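Starting from 1, each residue takes its place in the sequence as its number. Side-chain atoms are counted along with the backbone in the values below, which use heavy atoms only and exclude waters and symmetry mates. Just so you know, these numbers come straight off a predicted model, no measurement behind them. Every number for a ligand or one of its atoms is a count from 1 in the order of the listing.
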Amino acid sequence: MTVPPGPRKIFVAALATETNTFSPIVVDRRAFEESLYAPPGQHPATPTLCTAPIPVGRRVCAEKGWELIEGTAAWADPAGLVARGAFETLRDEILGQLQAALPVDAVVLGLHGAMVAQGYLDPEGDFLERVRGIVGPDVLLAAELDPHSHLTARRVAAADVFVVFKEFPHTDFVDRAEDLWRIVVDTLEGRVRPVMSVFDCRMIDVFPTSREPMRGFVDRMMALEMSDPKVLSLSAIHGFMAGDVPEMGAKMIAVTDGDAAYGAALAERLGMELFANRGKHLMPQLDEKAAVAQAMAAKAHPVVIADMWDNPGGGTAGDATVVLKELLAQGAQGVAIGTIWDPMAVQLCFVAGEGAEMPLRFGAKSAPFTGEPMDALVRVVRLNAEAEMRFGESVVPFGRAARIAVLDDQGQETGIEVILNTVRAQSYDPSLFTALGIDPLAQKILVIKSTNHFYAAFQPIAADILYCSAGRPYPNDPTTTPYRHVRADIWPRMADPFGKDS
Ligand SMILES: [Zn+2]
């Protein structure tokens, strides 16, 4: 790359969601607007998970005296397929902004990487190819990705650099945006020439970094980045097993300074390390009976029960009632559940008002294997028309929310309270409880819906954390999930895809 002197002009935008292709909840444009839709220049100063390249880019470009042209930033909370029209209009909106900004020296994007749209198995591949078509072969194209994404060959061919969050929980989305921008700056100032090498681990797994073996793996990746001058960035794509697309699965990315063969060897070495630990990454899980019994027997509180597969962050509705029913069956008290998604029930609570007692049907209305809807006498304790919680440096809205106390048939408190909400969001942070006036530290049991993102914020207040697999709201067993597109020659769909018989 030739390096002319002087200030640079960089285009930045974001288009992101995570698609559970088995979820019944279609994502339309309004879903983006409810979560995050920021026209050029209107992105808040606070970074969000997939839009951190924008606020970080503002700071970097201000320091360098470079021009940053902002395009639209759009993020929809994970759900089912993105409506074709929503994807195409957002994509074309950003492409039009890029076209108008030409010429630029680089394009920096915040993507998630696990979007699937009606008619598009690889929307980000389509988007990146079109960006490449507009800017031509010589302009740097860099993007930040979530590890729960699909690294297609098409995307790798179109882009120069991907940097992926290393941590799960994703506590490092700002740090990785800074890594991405550092590579962009070093490239535009002629100090490095990034090339990407990819290794396909041919496995489907879940890789929490809050425990071994992934904790040590991430630490080794970061140490290598520091110690090896040829290495600009290392990333593990975890894959997203609820996305039924042909190239789903774990991949390793090595971005090196101009040495693709070195990067390929390193990516293979690290990728085979992940493969060697297949099946050992995920935390031990309890069923709902064991989780509730163990939580009730605990001497120290609060105990967090993570209803880990009914995770709106993985595209489910987040309305399963399996754990709630078990808590009632075992007579648990001092329980707060945050949250159960049920817009209709919330509407009824808002009409009734705080203090009202009423019969209410709530939860488990959206999908099979999530329990039965709950029919109970309830008291509306607290309403919040614009509830939100923290997630690291960002703020996550969860809509109109109603805190209800579940009563028994005689109208007596059962000791179980539930937060119902209208905007699906996973349970990131204890502030979701305080938003409805519940002191999380005063509870014996906190039930939350999140696979592992909750860990960073709940671990410091939890006496114990129980990972609970209740019902089957999410396709969490690749050996039985009815995939139509995912390849069959990938672990655990086959025993050893690198073996001689493969
Ligand atoms: Zn993720």
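The aromatic ring centres of His453 and Tyr455 sit 6.0 Å or more apart.
For Asp146 atom OD1 and His148 atom ND1, the angle they make at the Zn ion (ligand 1) is roughly 90°, to 10 degrees.
For the pair Phe433 and Ile448, the minimum side-chain heavy-atom distance is below 4.5 Å.
Within the coordination shell of the Zn ion (ligand 1), defined by N, O or S atoms under 2.8 Å, His112 is absent.
Cation-pi geometry between Arg202 and Phe498 is satisfied (NZ or CZ under 6.0 Å from the ring centre, within 45° of the ring normal).
Within His170, the N/O/S atom positioned nearest the Zn ion (ligand 1) carries the name NE2.
In this structure a side-chain-to-backbone donor-acceptor pair under 3.5 Å is missing from Glu393 to Pro47.
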